[in-house]
Structure formats: C-alpha cells, structure tokens
Amino acid sequence: MPNITLPDGKQIKFDKPVSGFDICDKISKSLTKNALIMSVDGKQKDLSFNIETDSKVKIFTAKDKEGLETIRHDTAHIMAMAVQELYPGTQVTIGPVIENGFFYDFARKDPFTDDDLKKIEKRMSEIIDKDVKTRREVWDRDKAIGHFKKIGEKYKAEIIESIPKNEELSIYHHGDTWHDLCRGPHLVSSGKIGKAFKLTKVSGAYWRGDSDNEMLQRIYGTAWSSQKELDDYLKRIEEAEKRDHRKLGKEMDLFHFREESPGSVFWHERGWSLFQKLVDYMRYRQKKAGYKEINTPEILDRSLWEKSGHWEKFGEHMYTSTTPDEKIFAIKPMNCPGCVQVFNQGLKSYRDLPLKMSEFGKVHRYEPSGALHGLMRVRAFTQDDAHIFCTEDQITSESLTVTNLILNIYKDLGFNNVILKYSDRPDVRVGEDQVWDKSEAALLEAVKATKLEYSINKGEGAFYGPKIEFVLRDAIGRDWQCGTLQVDLNLPERLGATYVDKDGSKKIPVMLHRALFGSLERFIGILIENYAGKLPFWISPLQVVVIPISDDFDEYAKKVSEKLNDSDINSIVDLKNHNLNYKIREHSLSKIPVLLICGKKEVDSNSVTIRKLDNNKQETMKLEKFLEQYTALSKVPSN
RNA sequence: GCCCUUGUAGCUCAGCUGGUAGAGCAAUUGAUUUGUAAUCAAUAGGUCCGCGGUUCGAAUCCGUGCGGGGGCACCA
C-alpha cells in the first residue's frame with residue numbers, strides 16, 4: 001500500500017490507493033481548497049489520479065509555476081470550448097501554454113474580430129461560472145483517429161497519427177459536451193480557473209509552424225491566479241509600449257522612416273550624433289584591443305559572391321545592381337568577402353596572426369516585408385564588424401578574448417546580464433563535415449570557458465560556420481540578441497586566403513567573424529528602450545539646453561552654451577519666446593538630460609542652475625565647476 | 001512572403017448609414033519678459049497614401065498596388 005513522501009521529507013502511509021485529494025486532506029484544509037495539480041515521482045498528474053505504489057508527491061497551487069501553467073492550459077481549453085460553441089464548424093488544433101499566457105490555433109473560414117474576442121470571453125466566463133467537471137479517459141489510438149475524423153476534426157486526427165504508437169492517448173472532457181485530446185494534467189473543474197484572464201490578440205499562424213502549410217487563426221490570451229496579477233501584467237505591457245523606440249525616436253527627434261525606402265533609417269541630427277558616439281566609443285575600445293580598422297566597397301562583382309557561396313546560399317536576401325554595360329554587382333549583405341580581399345592583398349606571415357581587422361560596414365539585406373520592425377529589423381544596417389584571422393590553435397583563446405571584450409562593452413552601456421546561445425551546423429551550408437566538427441568543438445570549448453549561462457540551438461549556425469550569439473537582458477527583463485561570434489573554416493579557403501607558416505609553406509587561416517553591437521541601428525533601438533529614452537549623459541546626443549529666463553539674459557546663455565561646446569559638451573540655447581515652464585516641458589519630453597537655467601541670479605554670480613531630467617530639485621553651481629564636473633561625465637567610461 | 005488590421009494638416013486624432021473636410025498641439029505674426037512640465041490672440045496650413053471602378057456625387061462603398069501596426073514564417 002502506498003507510502004507517500006512529501007517534498008519536506010515527511011511520509012504518510014495509506015492502506016489503499018490514494019488520489020491527490022486524499023493526500024491534501026491529510027495535510028490541511030486550505031491545501032485541499034488551493035491544490036490544482038500534483039507531481040508523482042516528478043510526473044505531473046491530475047489530482048484525481050490514483051497512486052497505487054510508494055511515490056514522491058508534490059502538490060502544486062496557483063503560487064507554483066506548475067500551478068499557474070495549468071490554469072493557463074485550462075483557460076486555453078475553455079477558450080476552445082467557447083469558440084466551438086459559438087462558431088460551429090471551427091476546428092481545433094493545438095493550444096499550448098506560453099510565457100505569460102496561452103494561445104489556441106483554430107481552422108475557420110471567417111476571421112475572428114475583436115468583437116468575437118469579447119463574445120468568446122463572455123462565454124468563457126459563463127463556462128467558468130458553471131464549474132463544469134473535468135474527466136480524463138484513455139482511448140484506443142484507432143478509435144481516437146476514427147472519432148476525430150468522424151466529427152470533422154481533421155487536424156486533431158492528424159496530430160494523433162503523429163503521436164508515437166506506444167504512447168497513451170488521453171482525452172479530457174470538460175463537462176458533458178466538449179472534449180479534447182490532451183496530455184494534461186488539468187484542473188478538477190472549470191471554476192478553478194478563476195476570472196483573471198483576458199484574450200489579447202488574434203493573428204495568423206501556419207499549421208505546424210511551416211510556411212508551406214495553410215494558415216490558421218491563433219487567439220492569444222493571458223491568464224493569472226489573481227486579478228491583481230493580471231492588472232500588473234497589463235500594466236507591464238503598457239509600460240513596455242511607452243518605451244517603444246519608434247515612439248521615443250519621434251519624440252526625441254532621432255530618426256524617421258518613410259515609404260520610399262522601407263526598412264531604411266533616415267537619421268536626424270540627434271540620432272546620427274548618437275550613432276557616431278557609439279562608433280567613436282567602439283573605435284576607441286577596439287583600438288585598445290589591437291584591431292586595425294579597414295573599409296571595403298559596398299558594391300562588389302557577382303563573381304566574388306559566387307566564390308564566397310553567398311550567391312547560392314544567401315541570394316534571396318541580396319540586392320543586386322546591373323550597370324549600363326550589363327555587369328551584375330551585389331550590394332554587400334555581409335562584410336566578410338571584402339575583408340578577406342584586404343587580407344589577401346600582399347603576403348601574410350604566421351607572425352601576423354592573429355590579425356584583427358575591424359570595419360564599420362553598412363550592409364543591405366532584402367528582408368521579408370513582414371519582418372521589418374523599426375530599428376530592430378531593417379534592410380540596411382551598419383555592423384561593428386571584425387574578422388580575426390588566426391590558426392586553429394588560436395580559435396578558443398581568441399574567442400574568449402572577444403567574449404571578454406563584449407561583456408566589458410555591454411557593461412559600459414548599462415547591460416550586466418548576458419547569456420550565450422551556441423548554434424551548430426545548419427542544413428544549408430558550405431564545407432566538409434570534418435571541418436565543421438573541428439570548428440564546432442573549438443567554439444564550444446570557448447563557450448564553456450566563459451562560465452556564462454548558455455543554450456544550444458541545433459542547426460542555427462551561419463552557412464559557413466558555427467556561431468555564438470550574445471543575448472542581453474534589458475531593464476524590464478526582455479532579451480535582445482546583439483553580438484555574434486562565428487568560426488569560419490570555409491570562406492578563407494573559398495576566397496584563397498593563405499599565410500606563410502614557420503616552415504615556409506602556405507597555410508589557410510581560420511577566420512572568426514564577430515560583431516559586438518551586431519547592428520548599430522538595432523543596438524540604438526535597444527538602448528532607447530532599455531533607458532526609456534533617458535540615455536546616460538555621455539551618450540546623449542544633445543546633452544544640455546541652456547534656457548534664459550527672459551531675453552535680458554540671452555547673451556549670458558549664449559556664452560554659457562559656447563563654453564559648454566568648447567568643453568565637448570553638446571549644447572544649444574533656447575531663445576524662443578516661451579516661458580520657462582513651457583521650455584522645461586518641451587525639453588523634458590525630448591529627454592534632454594540637463595537643462596541649465598540662467599536669470600539675474602546666475603548672471604550676477606557667474607553660475608548656472610541645473611535642472612536634471614525627471615528631477616525638479618534645483619542646484620546652482622559656478623559655471624567653472626559645472627564645466628569641470630560635466631566634462632568628466634561626458635567622457636567615454638573607462639575601465 | 002502569409003493572416004488580420006490600418007493609412008485624413010508637421011504631430012496626435014475626430015469625421016454616423018456616400019453630399020467635395022474639422023479639433024488640439026506644432027508653425028508663422030503680434031502681444032507678453034516670464035524662476036522649474038503647456039501665456040494670450042490672429043493667420044496660414046490638406047491631389048483625405050497611389051491607381052482603377054460603382055455612383056448624379058466617394059475621405060466614406062468595391063478592386064488593386066504601396067506603406068504602417070499585431071502575429072506567423074524568416075532573422076542582426
């Protein structure tokens with residue numbers, strides 16, 4: 001008879017098979033009330049599951065991740081039930097739990113509207129009020145397939161057909177009228193879901209995630225264990241929207257997009273200044289790290305891209321150009337072939353290795369229209385690119401050096417939380433498998449040596465080599481992919497790169513591709529969202545606006561601004577005929593970090609009154625002292 | 001690229017079931033000379049995204065193209 005071990009080590013003996021409810025009863029009344037599901041020897045089960053042998057059992061409530069996920073899963077089921085009640089003929093497909101919620105994909109001719117979502121929510125609410133009971137059944141595979149085919153659920157039937165034959169098929173009934181194939185576990189009844197849910201959006205989604213398949217309609221929802229958690233979540237979404245770099249970019253007068261060139265940025269003075277500051281900073285850091293900066297053509301003859309393999313493997317993303325004499329050129333989508341040509345010019349010795357060549361190269365890629373998204377995904381972008389030519393023995397150590405540089409630079413820009421993604425060979429690739437074996441092993445060794453958290457992405461490497469990607473977490477917990485490091489044992493050979501080794505023979509170097517910001521454009525988008533537009537002083541494009549209280553003080557204000565600019569603090573004077581309040585509001589909205597107010601008091605004492613963004617505390621300071629303090633703040637961080 | 005949705009003044013938006021456009025802010029001009037998040041007034045500003053169609057008549061309805069947004073697929 002079962003001997004149940006609880007997580008705290010406590011054991012309870014039963015003299016007959018027990019369900020989760022029986023166990024809860026033995027522990028406390030409140031647990032019986034709050035329990036949602038349980039795990040038996042690490043496997044999640046319905047509370048009604050009967051345990052017959054000695055087991056380790058853990059009970060989950062809404063406070064546990066497992067409990068909350070079950071609430072979301074049940075909400076998805078109840079949504080599907082509501083949809084099928086309201087819209088007969090709609091087929092169900094899959095409905096998993098995702099971060100913060102769930103979705104369910106449906107096959108239906110007419111599109112779901114926002115109005116439909118409200119109706120569905122209302123029906124869900126009614127089903128929850130009815131507190132319909134959940135019942136699990138195990139079905140025979142052929143019976144299940146036949147059944148779902150008969151009731152017109154061809155997608156469900158297809159799912160069952162793809163489940164391995166030895167797996168148990170469970171059907172969950174919710175009430176007497178609706179059922180779905182599901183692995184479970186589920187709550188005991190719909191009332192346990194509560195009312196802290198909301199359907200958020202409807203979108204298209206391919207059946208089985210394959211763009212060759214038909215498109216289904218996906219309804220997304222979110223569900224929580226309390227109304228407060230739901231409200232908090234909705235508030236977080238709202239906060240994230242306020243940080244949207246497209247909105248802030250407009251307000252801060254940084255850049256804009258227009259129809260004539262979708263996915264390409266029109267940088268305004270302030271945005272371009274920010275861009276240049278990042279480039280200057282990166283130049284400074286790379287020079288210190290031993291990189292040599294080069295620059296290569298944006299347009300290169302087709303033959304080079306054929307040799308490099310881009311024409312074949314990357315062609316659908318490439319812009320091409322035909323000249324009046326009918327030669328075909330490609331606008332570079334990557335900087336690597338050009339860089340290799342610089343390496344190829346003249347003889348290189350093993351003594352030159354590792355040779356680090358950097359390039360702020362602007363590349364163009366024809367991205368699918370649906371992928372474009374502000375600065376985050378564009379068709380023309382600038383990479384802070386570099387290629388390191390080295391020997392196979394140097395791969396691991398050079399990769400580590402790059403990683404340390406990246407982490408250091410991210411820190412300067414306010415990002416301390418970085419994880420790695422390691423990707424190995426993709427299906428579409430160039431090069432022999434043994435070559436891939438070598439480069440994958442060397443890179444993975446470097447990944448492990450960083451001791452950072454990493455994940456492995458199978459088959460997602462570049463077509464010429466495995467890669468690591470650097471993902472940073474921003475101020476509100478979102479992950480952004482930025483830097484990348486790729487090992488390449490293929491391109492140097494294809495493009496005929498060699499160096500003279502100790503013994504006088506010619507050898508093929510290994511090439512490491514790396515970018516730290518990845519795309520300057522995207523990185524600026526990330527910076528804006530991370531700081532909600534309130535950039536650190538040193539990187540702010542316009543750092544100070546000097547505001548005279550009235551036009552009696554215009555001359556003094558101009559003098560102050562000139563002195564700031566002489567000290568490399570970027571400033572302007574606001575001489576417009578508006579009052580102080582107006583000007584403070586206007587410049588605060590465009591996220592100027594420091595406003596300097598000048599009136600009689602300041603003129604008389606040769607000082608300025610400082611008004612920082614989001615801080616209406618005022619501080620009056622001698623102009624000389626301000627210059628000294630803020631010139632220091634304006635410098636690139638050095639560590 | 002695919003599904004849904006959307007496109008009106010520099011910006012944010014209103015314009016019901018078809019009758020040739022309206023607000024606030026911004027701009028310009030004038031008044032005001034201001035001490036920490038919007039001073040007042042006047043003026044000017046629009047091939048209602050493009051192209052076709054229906055209609056006596058289209059910002060409004062239909063088709064199509066382009067752009068934006070949310071997803072999917074793709075990806076820095």
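Lettering of chains follows the sequences in order, A, B, ..., and the numbering in each one begins at 1.
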Next on the checklist: Quick check with a 6.0 Å cut-off and a 45 degree axis cone: is Arg285(A) positioned over the face of Tyr410(A)'s six-membered ring?
Outcome noted: no
Item to check | Residue met sooner reading RNA chain B from 5', once Leu580(A) and Gly483(A) are mapped to nucleotides | outcome: Leu580(A)
Next on the checklist: Between the base of rG71(B) and the side chain of Tyr206(A), is one N or O donor paired with an acceptor at under 3.5 angstrom?
Outcome noted: no
Checklist entry - When you check the gap from the basic side-chain N to the acidic O, do Glu469(A) and Lys467(A) get nearer than 4.0 Å? => result yes
Checklist entry - What is the pairing partner of rA73(B), taking Watson-Crick or G-U wobble pairs with both distances under 3.5 Å in any strand? => result none
Next on the checklist: As a test of reading the structure: which of rC75(B), rA37(B), rG71(B) is closest to the side chain of Arg585(A), going by heavy atoms?
Outcome noted: rA37(B)
Next on the checklist: Can you identify which nucleotide, out of rA76(B), rA73(B), rU39(B), has its nearest atom closest to the Asn579(A) side chain?
Outcome noted: rU39(B)
Checklist entry - Looking at Glu293(A) and Lys356(A), does any basic side-chain N land under 4.0 Å from a carboxylate oxygen? => result no
Under 3.5 Å between N/O atoms: give me all the protein pairs with nucleotides 43-50 of chain B, atom names plus distance.
none

Checklist entry - Has Tyr220(A) got its ring stacked on rG71(B), by the test of a centre gap below 5.5 Å and a plane angle below 30°? => result no
Item to check | Salt-bridge present (Glu529(A), Arg478(A); N to O < 4.0 Å) | outcome: yes
Checklist entry - What nucleic acid atoms does His373(A) come within less than 4.0 Å of, heavy atoms only: base, sugar-phosphate, or nothing? => result sugar-phosphate
Checklist entry - Checking all strands, does Lys612(A) fall into the base, sugar-phosphate, or nothing category for heavy-atom contacts under 4.0 angstrom? => result nothing
